[in-house]
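What follows is a short report on a single structure.
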Amino acid sequence: MATLTKAAVIGGGVIGGGWIARFAQNGLDVAVYDPDPQAEAKFGRLMENAAHAFGRLIDGARPRLGAIRFVSSLAEAVAGAEIVQESAPERLDLKQRILAEIDAHAPPEAIVASSTSGLLPSELQATMTRPERLVVAHPFNPVYLIPLVELVGGARTAPATIERARAFYAALGMKPIHIRKEIEAFVGDRLLEALWREALWLVQDDIATVEEIDEVIRYSFGLRWAQMGLFQIYRIAGGEAGMRHFMAQFGPCLQWPWTKLTDVPELTEALIDKISHQSDAQAAGLSIRRLERIRDDNLVAILKALEKEDWGAGALLKAYRAGLAGAPAATPAEPLRLHAAEVPEDWLDYNGHITEHRYLQVLGDATDAVLAHLGLDAAYLASGRSFFTVETHIRHLGEGHRGDRLGVESRVLSADAKRLHLFHAIRRERDGALLATGEHMLLHVDTKAGRAVATEGAMAERIAALAAAHAGLPAPDGAGRRVGERG
Ligand SMILES: NC(=O)C1=CN([C@@H]2O[C@H](COP(=O)(O)OP(=O)(O)OC[C@H]3O[C@@H](n4cnc5c(N)ncnc54)[C@H](O)[C@@H]3O)[C@@H](O)[C@H]2O)C=CC1
Ligand SMILES: C[N+](C)(C)CC(=O)CC(=O)[O-]
């Protein structure tokens, strides 16, 4: 479980958005400052992917979702924060200015972390009055799935800051690695850049296309790297004689040279055009959002496969999940917010509003999210138990339009051994308008016997805890209403 509870993220783009998701999914309340007026909407789309991925990765017990607030000033965001994650654009002058402002407004004991991909922490902390609390915490995209975070201290970083940061990121299911000496681009990006530089040469010299290079990687060493990295794989490639034999056999070719070494190809317009056109052809019409979903689903599958083998990033995932399962269940007296969706064109009817059955789709997905939250996962289904929805009442209260983001608040109205009575409110996120409610009765069933049976064990405990927490909330307007009733 997270060691801290209040975070601030400064800059909510690709990386800041990933941090917000990882923090909130681990129960931290997150305040965000980003001057872009579109930042919150962009984050909403990223969070949809992150929620989908986290739901698939952690299909059992999960921490409560922390609250996320976009605020209008940096000072407001960092007030009361225990960890501030700076994730603004990669410019030293800008970051120095932002870090000085964070330093002036954040509580003195807060950790100040920078997501920089390569700037030196000693330079970043130059404008800070409390430089000892600055640490580079360099993540990898998507932050909500990739575990590594490189921790790099500057000349004036306190060793205690590194240790606090290490404990904090580890508790989020991440793999913090302390890079002992500060160098530009640290370790991960040094390696990636060497490969990228060589790939640019190969494209420029018409040796291979963008797609062919990606195929070379994903059909060969890409498969090996996820589980054993570089050196251990080469050790095995040395045969029984191991690394010494490998070095003797392949060391000399470093001098031939096989590579263009460190020359950097000039990024001419022609080379940029060539790479962009080849990349467009490779994508074959798949949008960035679709590609993100494919990437995330594959990452989840790889992590889960490694988890079964108890190896590498999978062993880390296993330990993290065990920690979550062992942690006391956090069941605050507030509705669950587990499902969100954006209204696409094909959800609209001839009036230009969301058509009826799409409400049922959103409600059904929200019910699935609640069940997953309660522990309905593949293993539970395989054990021959599930839930069936046996009754539904939908009220249509407002009009949703294309592009609206919908968020669902879910409540347990009541539960007994076999029944689960749910109530969902679908709200438009922009203004909180209530568009529809759904009330549903579900039965817990033995799918082989085809009859309702009592829940048991962890499932029964989680339902009881949630029902007890929600029992303290005021009854939602419209719950139990019959069709045709007034008011
Ligand atoms: N994109 C990547 O693959 C990775 C990026 N990083 C690092 O993360 C940091 C952010 O990069 P991205 O998220 O990719 O960039 P981005 O461009 O997606 O996001 C940057 C965000 O910062 C906001 N911003 C601009 N000025 C600001 C200010 N004065 N105060 C607060 N926010 C401000 C922008 O509106 C934007 O939303 C950079 O330091 C980058 O090197 C680290 C790992 C991977
Ligand atoms: C391209 N990049 C240097 C910003 C990449 C990273 O920093 C890490 C990553 O996610 O590959």
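Just follow the structure's listing: the first ligand is 1, and inside any ligand the first atom is 1. Everything numeric in this text was worked out from a predicted model, so none of it was measured.
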Find all atoms of ligand 1 within a distance of less than 4.0 Å from any non-hydrogen atom belonging to G13, and give their numbers and elements.
-> 13 (O), 18 (O), 19 (O), 21 (C), 37 (O)
Are the charged groups of R133 and D103 less than 4.0 angstrom apart, N to O?
-> yes
Heavy atoms of the protein only: does one fall short of 4.0 Å from atom 4 (C) of ligand 2?
-> yes
When you measure from atom 9 (C) of ligand 1 to every protein heavy atom, which one gives the shortest distance, and what is it?
-> A88 O, 3.4 Å
Near S115, which atoms of ligand 1 are under 4.0 Å from a heavy atom of that residue?
-> 6 (N), 7 (C), 8 (O), 42 (C)
Taking atom types as modelled, is there a side-chain donor on Q25 or R22 under 3.5 Å from an acceptor on the other?
-> no
shortest atom 28 (C) of ligand 1-to-protein heavy-atom contact is with I98 CD1, 3.6 Å
What's the shortest distance from atom 33 (C) of ligand 1 to any protein heavy atom, and which residue and atom give it?
-> P35 CD, 3.3 Å
The option among I15, I10, V136 carrying the non-hydrogen atom nearest to atom 13 (O) of ligand 1 is I15
Atoms of ligand 2, numbered as shown, that sit under 4.0 Å from any heavy atom of N141 | 10 (O)
For atom 3 (O) of ligand 1, which protein heavy atom lies nearest, and how many Å away is it?
-> N141 CB, 3.9 Å
Contact bool for atom 17 (O) of ligand 1 (protein heavy atom, d < 4.0 Å) = no
Is there a donor in the side chain of S117 and an acceptor in the side chain of E90, or the other way round, less than 3.5 Å apart?
-> no
Output for pair (I83 CD1, L172 CG), nearest 0.5 Å, gives 8.5 Å
Between H138 and F140, does the ring centroid distance fall short of 6.0 Å?
-> yes
A student comparing P139, A77, G17, S117 should find that the heavy atom closest to atom 41 (O) of ligand 1 comes from S117
Of all the heavy-atom pairs spanning V78 and A106, show the shortest one and how long it is.
-> CG2-N, 3.6 Å
Exercise: identify the closest heavy-atom pair between R321 and L57 = NH1-O, 2.9 Å
CD/E109: more than 12 non-hydrogen atoms of other groups inside 6.0 Å = yes
Side chain to side chain contact (heavy atoms under 4.5 Å, CB included) between V203 and K274, worked out = CA-CA 8 Å; V203 176; K274 187 172 176 181; 4.1 Å; yes
Give the residue and atom name of whichever protein heavy atom lies nearest to atom 37 (O) of ligand 1, and the separation in Å to one decimal.
-> D34 OD2, 2.6 Å
Basic-acidic side-chain contact under 4.0 Å: D36, K42 | yes
For D36, the atoms of ligand 1 under 4.0 Å from one of its heavy atoms are 35 (O)
Per-residue contact class, H138 against ligand 2 - non-hydrogen pairs under 4.0 Å = side chain
Which residue and heavy atom of the protein sit nearest atom 10 (C) of ligand 1, plus the separation | S87 O, 3.3 Å
Relative to the heavy atoms of L192, which atoms of ligand 2 are at a distance of less than 4.0 Å?
-> 11 (O)
In terms of atom number and element, which parts of ligand 2 are under 4.0 angstrom from non-hydrogen atoms of F140?
-> 8 (C), 9 (C), 10 (O), 11 (O)
Quick check: does V14 get an N/O under 3.5 Å from an N/O on ligand 1?
-> yes
Evaluation steps, side chain to side chain contact (heavy atoms under 4.5 Å, CB included), between Y320 and I58 = CA-CA 10 Å; Y320 171 66; I58 310 295; 3.8 Å; yes
Enumerated ligand 1 atoms positioned under 4.0 Å from heavy atoms of G11 = 22 (O), 31 (C), 32 (N)
Kindly say whether the aromatic ring centers of Y234 and F221 come within a distance under 6.0 Å.
-> no
Under a 4.0 Å heavy-atom limit, does I146 contact ligand 2 with its side chain, its backbone, both, or neither?
-> neither
Before signing off on this row, confirm whether K95 and ligand 1 have an N or O atom pair separated by under 3.5 Å.
-> yes
Could you verify whether a donor N or O on one side chain and an acceptor N or O on the other, from D296 and Y144, lie under 3.5 Å apart?
-> yes
Which protein non-hydrogen atom lies closest to atom 25 (C) of ligand 1, naming both residue and atom, and how far is it?
-> P89 CD, 3.4 Å
Under a 4.0 Å heavy-atom limit, does H138 contact ligand 1 with its side chain, its backbone, both, or neither?
-> side chain
Is the closest basic N to carboxylate O distance between R402 and E345 below 4.0 Å?
-> yes
Nearest heavy atom to atom 39 (O) of ligand 1, choosing from Q85, E90, Q38, belongs to E90
Using only heavy-atom distances, determine whether the side chains of S115 and Q85 contain a donor-acceptor pair under 3.5 Å.
-> yes
Is it the side chain (CB and beyond), the backbone, both or neither of D189 that lies under 4.0 Å from ligand 2, heavy atoms counted?
-> side chain
